K.L.:
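Got a structure for you, written out below as structure tokens; questions coming shortly.
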Amino acid sequence: MNLLLLLPALLMIGLVFVWPMIRYGWLSFHANSVLTGLNPVPNGGANWIRLLDDQRFWQDALQTTRFAGVSVGLELLLALAIALLLDQRWRGRGVVRALALLPWALPTTMMALGWRWIFNTPYGPLERLNEFVGLGPLNLLSTPMWTWLVTVVADVWKTTPFIALLLLAGLQTIPKDLYSAFRLEGGRPIQALRCITLPLLMPYVLIALLFRGAQAFGVFDLIQVLTGGGPAGSTESVALYAYLNAMRFLDFGYSATAMLAGFLLLTSAMLILAMLLRLSGLMKPVQP
Amino acid sequence: MKRRLALWICLLLVWSLLPMLWQLISSFSTAESLVNGSIPFLQRWTLVHYKELLASDPPFWRYLLNSAIVSALTTVITLALAIPAAYGLARVPLQLRRVLRWITVAAALFPYVLLFLALLELARRFSLGNSLIALAMPYSGLAMPLALLLLTSVFESLPRELEDAARLEGLGLWQRLRWVLVPLLAPATASTAILVFLFAWNEYPIALTWLSRDELLTLPVAMARIAGSSIYSIPYGAYAAATVLGSIPLLLLVLICQRQIVSGLTNGAIKG
Amino acid sequence: MLHLNGLGKRFGEQWILRDLNMQVDEGECVALLGTSGCGKSTALRLIAGLDRQDEGSIELDGEPLDSIPAERRRIAMVFQSYALFPHLSVRENLNLGLKIRGVSPAQRQQRIETVLDTVRLREMADRRPQQLSGGQRQRVALARALLRDPRVYLLDEPMSNLDAQLRDDLRPELRQLILQGTQPVLYVTHDQQEAMALANRIAVLKDGRIEQIGTPEELYKTPASQFVASFIGRPQINLLPVDKQLTIGIRPEDVGFDPEGMPCRLISREWQGASQLLLLDSPRGALRMLCAGDLSLSEPLHVSWLTSAEHRFDAGSGHRLAE
């Protein structure tokens with residue numbers, strides 16, 4: 001009976017999450033593009049051989065990983081600061097919390113558009129400010145280095161509130177008595193942060209790390225709208241590349257291969273990360 | 001000490017709100033004043049962007065309506081399936097529960113954009129493209145893991161004796177769900193509903209590939225399409241106005257329901 | 001009349017209840033007494049139909065209950081946590097079951113008003129459970145059980161969440177409301193005093209099996225084992241090992257002063273008003289003794305007891321030895 005109640009939901013999850021992976025596995029051993037009249041024709045491992053040799057795919061994988069690593073790292077730091085701030089008692093905390101949450105709630109594509117205007121050369125506010133400094137145009141959206149930074153900033157801006165909330169929830173599970181006891185032991189607030197807060201917060205940091213890491217690796221909306229992968233492919237992500245393969249080059253077989261490869265890369269990265277964390281003993285749940 | 005705290009709070013607000021504020025200002029600025037800083041202050045302002053947006057074909061509110069339809073439908077379907085499922089999940093034997101929980105967590109972590117191609121194939125095979133109702137199907141599936149995680153943790157935290165008492169009172173399974181469990185879960189259900197709604201409202205890649213007819217686009221796709229429409233001159237004033245209009249429903253939602261959102265996210269984190 | 005025939009329940013390989021044979025007559029109250037984890041609550045859940053037994057059967061008035069789901073067994077249970085629905089007011093809590101069972105609105109109204117008077121909660125009828133005190137919540141739970149019009153009452157530690165004072169106050173009320181009906185009552189508790197005060201018979205459970213079943217007096221006077229002896233009666237019985245085969249038990253109230261008796265040293269004393277409890281160091285080991293509260297003591301103390309007051313147990317198995 002209980003299983004019966006579960007069935008529709010599980011079927012739905014299976015259809016949406018499991019079936020695509022099976023389908024990609026099958027498609028990745030077929031040519032399915034304009035050349036085959038959009039019909040799948042078995043081509044052995046040709047897609048996979050092509051992928052191994054595909055500079056652009058590996059370049060994208062590297063870029064995506066770098067993007068995810070730097071964004072999530074910055075987000076964690078910033079979120080920790082915000083969570084510590086919101087954990088204190090002050091008037092109007094609820095309102096500020098709601099306002100700080102706003103960036104997370106807005107559609108990514110919408111703010112991506114907003115960022116394009118803000119980082120616009122020469123009319124965006126940043127370039128205008130820069131005019132006063134007089135460094136000459138920065139070309140924020142046409143210089144690879146700057147553009148990459150812009151995507152990181154946009155991502156950090158949007159997802160930091162989410163992590164901050166996670167960490168805030170973690171902070172609120174730490175009994176305040178611990179801090180009192182630590183003070184009576186002669187500890188200073190900054191030491192309390194290192195000796196009490198961070199160790200007890202670690203499980204939440206790890207949850208955030210895994211969750212956001214996976215999401216950031218799948219970055220698509222932001223890149224597609226904000227930079228389109230440019231300039232010169234310098235911000236292209238794996239997901240965007242797979243998308244272009246399917247929707248622009250109409251090569252479904254290869255697109256499926258790229259997505260499956262991306263999925264496998266991500267899974268192995270997560271497993272290695274989880275294993276390292278377990279080895280280092282950080283994964284052990286700390287009961288406050 | 002107090003002063004430093006206030007300073008940090010201000011910084012936080014500036015960081016969170018300034019980009020949106022800039023959009024607000026831009027949306028009321030004339031096209032001329034956006035590119036020319038020397039125009040006098042009083043001559044910079046206009047409502048023309050909003051007028052254009054609402055007079056365009058299809059009018060902008062159409063996208064909001066589309067998004068609202070898909071999101072509401074997704075929320076209803078997801079909850080209708082997730083509530084009984086979460087109830088079942090909280091009551092299957094521990095071993096099986098652990099396996100199912102791992103699957104759910106893995107699915108919730110999954111960067112779902114990678115699924116778009118297979119889902120697009122399904123849409124083509126079964127002619128589900130360009131239908132807002134059909135779009136709610138993959139959305140419900142995508143939101144299901146999160147909803148399951150949130151609701152299961154609440155079901156597990158309910159004392160078993162409450163349901164036992166209801167059984168002894170003569171309530172059958174559906175009666176227990178209807179009269180005891182669902183009302184008890186109302187707060188958790190509300191926060192789950194809001195998170196699912198937000199997901200559907202913001203979803204982009206699936207909508208991008210499933211919808212092509214102008215009058216059916218959801219808000220995120222419509223925004224992106226405006227972005228891609230003209231390569232040389234991008235109508236930033238109109239953009240900004242669209243951003244502002246598109247934000248208003250969410251702004252209200254977040255401000256009104258912030259407590260539910262926070263508790264939803266927090267529950268998911270603590271127990272998930 | 002409720003019949004339990006060889007009832008057993010296990011979790012995995014572990015039997016948490018085994019060979020439960022018992023009969024509860026109409027209007028009789030049987031207490032299931034034991035430490036936590038002895039299987040006493042499990043027995044109630046099996047009878048209520050909330051869990052399914054792994055062996056044995058349950059009969060009510062000669063009719064087997066085993067295939068009837070909990071919803072239709074017409075059995076009322078009062079839970080330790082009371083299990084009141086927190087989203088409903090007192091009145092709605094009482095109303096829900098009646099409505100589901102198809103009682104007409106007029107009748108519902110009338111029965112609820114009556115029961116609210118019985119448990120003296122009329123003024124509280126529109127409050128939520130969390131706005132009530134522990135004792136009031138407990139009375140709501142009792143009222144709900146009464147409205148069920150059950151064939152059997154099951155009470156699972158109904159008073160253990162209340163403080164001692166309140167428990168004493170509620171005991172007569174419980175007796176009047178439930179124990180005077182004609183239905184069989186099963187009362188689970190870990191408090192021997194409560195069991196002695198309320199039950200017609202007591203079944204002492206240990207590790208899922210009945211150690212002894214009998215009237216409170218039988219249990220007190222002829223405990224079948226060391227376990228029962230130390231569970232029943234307060235202050236606790238003295239268990240004095242004699243040799244490898246024999247342990248004798250002597251109740252603190254049976255120990256008396258006797259100039260000819262054993263010389264003892266006084267270790268500590270608890271003055272309880274009417275009586276006082278002495279902890280003595282005797283040649284045969286530590287000894288508890290109860291004596292009048294106004295007695296002034298002067299050492300050395302000499303104590304003894306009648307041989308007829310001794311309980312004799314097998315030192316190995318703990319079983320009572322024949323007289």
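All values reported here derive from a predicted model rather than from experimental measurement. All values below come from the heavy atoms of this structure, side chains included, with hydrogens, waters and symmetry mates left out. In what follows, chains are A, B, ... by sequence order, proteins preceding strands, each numbered from 1.
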K.L.:
CG of A:N32 to CD of B:E121: how many Å apart, nearest 0.5 Å?
P.N.:
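One finds 7.0 Å between CG of A:N32 and CD of B:E121.
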K.L.:
Examine whether an atom of B:L13 lies under 4.5 Å from a heavy atom of chain A, and if so say whether it belongs to the side chain, the backbone or both; otherwise answer neither.
P.N.:
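Answer is side chain: those atoms of B:L13 sit under 4.5 Å from chain A.
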K.L.:
Check whether A:F217 gets within reach of chain B through its side chain, its backbone, both or neither, counting any heavy atom under 4.5 Å.
P.N.:
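The answer is neither part of A:F217.
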K.L.:
With a 4.5 angstrom heavy-atom cut-off, could you sort out which part of B:L195 is near chain A: side chain, backbone, both or neither?
P.N.:
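It is the side chain, since no backbone atom gets that close.
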K.L.:
Please answer whether the main-chain N or O of B:W15 pairs with a side-chain N or O of A:W157 as donor and acceptor at a distance below 3.5 Å.
P.N.:
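Yes, the answer is positive, given that a donor and an acceptor are paired below the 3.5 Å cut-off.
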K.L.:
Picking from B:C257, B:A80, B:A107, B:S140, which has the most non-hydrogen pairs under 4.5 angstrom with chain A?
P.N.:
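Highest number of pairs under 4.5 Å: B:A107.
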K.L.:
Chain B heavy atoms under 4.5 Å from A:I82: which part of the residue, side chain, backbone, both or neither?
P.N.:
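Answer is side chain: those atoms of A:I82 sit under 4.5 Å from chain B.
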K.L.:
Determine the option with the most heavy-atom pairs under 4.5 angstrom with chain B, choosing from A:A112, A:A258, A:A100.
P.N.:
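Most heavy-atom pairs within the cutoff with chain B belong to A:A100.
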K.L.:
Given heavy-atom pairs under 4.5 angstrom as the criterion, report whether the side chain, backbone, both or neither of A:L260 touches chain B.
P.N.:
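When you check distances to chain B, no heavy atom of A:L260 falls under 4.5 Å.
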K.L.:
Would you mind reporting whether A:P107 and B:Y204 have side-chain heavy atoms less than 4.5 Å apart?
P.N.:
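A side-chain contact is absent here, since even the closest heavy-atom pair is not under 4.5 Å.
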K.L.:
Mind checking whether B:S16 and A:L102 have side chains closer than 4.5 Å, heavy atoms only?
P.N.:
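No. Closest side-chain heavy atoms not under 4.5 Å.
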K.L.:
Check for me whether the distance between the ring centres of A:F263 and B:F110 falls short of 6.0 Å.
P.N.:
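Ring centres of B:F110 and A:F263 closer than 6.0 Å.
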K.L.:
May I ask you to name which of A:G218, A:G228, A:G262 has the most heavy-atom pairs under 4.5 Å with chain B?
P.N.:
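Sorted descending by pairs with chain B, the first entry is A:G218.
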K.L.:
Do the non-hydrogen side-chain atoms of B:P19 and A:I118 ever get within less than 4.5 Å of each other?
P.N.:
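Side chain of B:P19 against side chain of A:I118, heavy atoms only: contact under 4.5 Å found.
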K.L.:
Among B:L119, B:V92, B:L208, single out the residue with the greatest number of heavy-atom pairs under 4.5 Å to chain A.
P.N.:
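Looking at each of B:L119, B:V92, B:L208 in turn, B:L208 comes out on top.
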K.L.:
Which distance, rounded to the nearest 0.5 Å, do you find between the OH of B:Y112 and the CZ of A:F220?
P.N.:
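Reported value, rounded in 0.5 Å steps: 9.5 Å.
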K.L.:
Which heavy atom of A:A105 sits nearest a heavy atom of B:L250, and at what distance?
P.N.:
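Looking at all heavy atoms of both residues, the shortest contact is O-CD1, 3.1 Å.
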K.L.:
State, to 0.1 Å, how close A:V225 and B:A224 come at their nearest heavy-atom pair, and which atoms those are.
P.N.:
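Closest approach of A:V225 to B:A224, heavy atoms only: CG2-CB, 3.8 Å.
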K.L.:
Need one label for A:L11: side chain, backbone, both or neither, based on atoms under 4.5 Å from any heavy atom in chain B.
P.N.:
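Interface part for A:L11: neither.
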K.L.:
Which bit of A:A246 is near chain B, if near means a heavy-atom gap under 4.5 Å: side chain, backbone, both or neither?
P.N.:
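It is the side chain, since no backbone atom gets that close.
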K.L.:
Check A:F17 against B:P145 and note the closest heavy-atom contact, atom names and distance.
P.N.:
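Nearest heavy atoms, A:F17 then B:P145: CE1-CG, 3.6 Å.
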K.L.:
Could you tell me whether the side chain of A:Y24 and the main chain of B:L114 form a donor-acceptor pair under 3.5 Å?
P.N.:
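Yes.
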K.L.:
Between B:L148 and chain A, which part of the residue has a heavy atom less than 4.5 Å away: side chain, backbone, both or neither?
P.N.:
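B:L148 touches chain A through side-chain heavy atoms alone.
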K.L.:
Report the distance from atom CG of B:L117 to atom OH of A:Y243, rounding to the nearest 0.5 Å.
P.N.:
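It is 11.5 Å, given to the nearest 0.5 Å.
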K.L.:
Any side-chain heavy-atom pair from B:L109 and A:M270 closer than 4.5 angstrom?
P.N.:
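Yes, their side chains come closer than 4.5 Å.
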K.L.:
Go through the atoms of A:L7 and report whether side chain, backbone, both or neither lie under 4.5 Å from a heavy atom of chain B.
P.N.:
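Answer is neither: A:L7 stays 4.5 Å or more from chain B.
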K.L.:
A:L78 versus chain B, heavy atoms under 4.5 Å apart: side chain, backbone, both or neither?
P.N.:
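The side chain, not the backbone.
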K.L.:
A side-chain contact here means heavy atoms from C-beta on lying under 4.5 Å apart; do B:N202 and A:M110 qualify?
P.N.:
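Heavy-atom side-chain distance check fails, nothing below 4.5 Å.
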K.L.:
Is there a side chain to side chain contact (heavy atoms under 4.5 Å, CB included) between B:L120 and A:M247? Walk through the geometry before answering.
P.N.:
CA-CA 11 Å; B:L120 179 61; A:M247 305 308 286; 3.8 Å; yes
K.L.:
About how many Å separate OG1 of A:T108 and CE of B:M223, when rounded to the nearest 0.5 Å?
P.N.:
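Rounded to the nearest 0.5 Å, the CE-OG1 separation comes to 11.5 Å.
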K.L.:
Under the side chain to side chain contact (heavy atoms under 4.5 Å, CB included) rule, what do A:V16 and B:M144 come out as? Steps first, then yes or no, please.
P.N.:
CA-CA 10 Å; A:V16 171; B:M144 193 64 69; over 6 Å; no
K.L.:
At a heavy-atom separation under 4.5 Å, does B:F116 approach chain A through its side chain, its backbone, both, or neither?
P.N.:
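For B:F116, backbone and side chain are both near chain A.
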K.L.:
Mind ranking B:L255, B:L142, B:L96 by heavy-atom pairs under 4.5 Å with chain A and telling me who comes out on top?
P.N.:
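Looking at each of B:L255, B:L142, B:L96 in turn, B:L142 comes out on top.
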K.L.:
Any idea which of A:M21, A:R23, A:R212 has the most non-hydrogen atom pairs under 4.5 angstrom with chain B?
P.N.:
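Of A:M21, A:R23, A:R212, A:R23 has the most heavy-atom pairs under 4.5 Å with chain B.
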K.L.:
Between A:W104 and B:L198, is there a side-chain heavy-atom distance shorter than 4.5 Å?
P.N.:
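They are in side-chain contact.
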K.L.:
Taking all non-hydrogen atoms of both residues, which atom of B:G141 and which atom of A:M12 are closest, and how far apart?
P.N.:
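The pair with the smallest heavy-atom distance is CA-CG, 3.5 Å.
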K.L.:
Of all of B:A108, B:G246, B:P220, which one pairs up most often with chain A through heavy atoms under 4.5 Å apart?
P.N.:
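Most pairs with chain A among the choices: B:P220.
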K.L.:
Within this structure, what is the CD1-CZ distance for the pair B:I9 and A:R93, rounded to the nearest 0.5 Å?
P.N.:
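Those atoms lie 10.5 Å apart.
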K.L.:
So, do B:V221 and A:T109 sit near enough that their side-chain heavy atoms are less than 4.5 Å apart?
P.N.:
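When only atoms from C-beta onward are counted, A:T109 and B:V221 do not touch, as no gap falls below 4.5 Å.
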K.L.:
Any chance you could lay out the side chain to side chain contact (heavy atoms under 4.5 Å, CB included) test for B:L5 and A:L85, step after step, and finish with the verdict?
P.N.:
CA-CA 8 Å; B:L5 190 71; A:L85 186 64; 3.6 Å; yes
K.L.:
With a 4.5 angstrom heavy-atom cut-off, could you sort out which part of A:F162 is near chain B: side chain, backbone, both or neither?
P.N.:
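For A:F162, the side chain is the part near chain B, not the backbone.
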K.L.:
Compare all side-chain heavy atoms of B:L122 with those of A:W19 and state whether any distance is below 4.5 angstrom.
P.N.:
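With C-beta onward as the side chain, the pair touches.
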K.L.:
Rounded to the nearest 0.5 Å, what's the gap from CG on A:L5 to CG on B:L81? Could you check?
P.N.:
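Result: 11.0 Å between the selected atoms.
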K.L.:
Restricting to non-hydrogen atoms, name the atom on A:L6 and the atom on B:L100 that form the minimum distance, rounded to 0.1 Å.
P.N.:
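Between these two residues, the closest heavy atoms are CD1-CD1, 3.8 Å.
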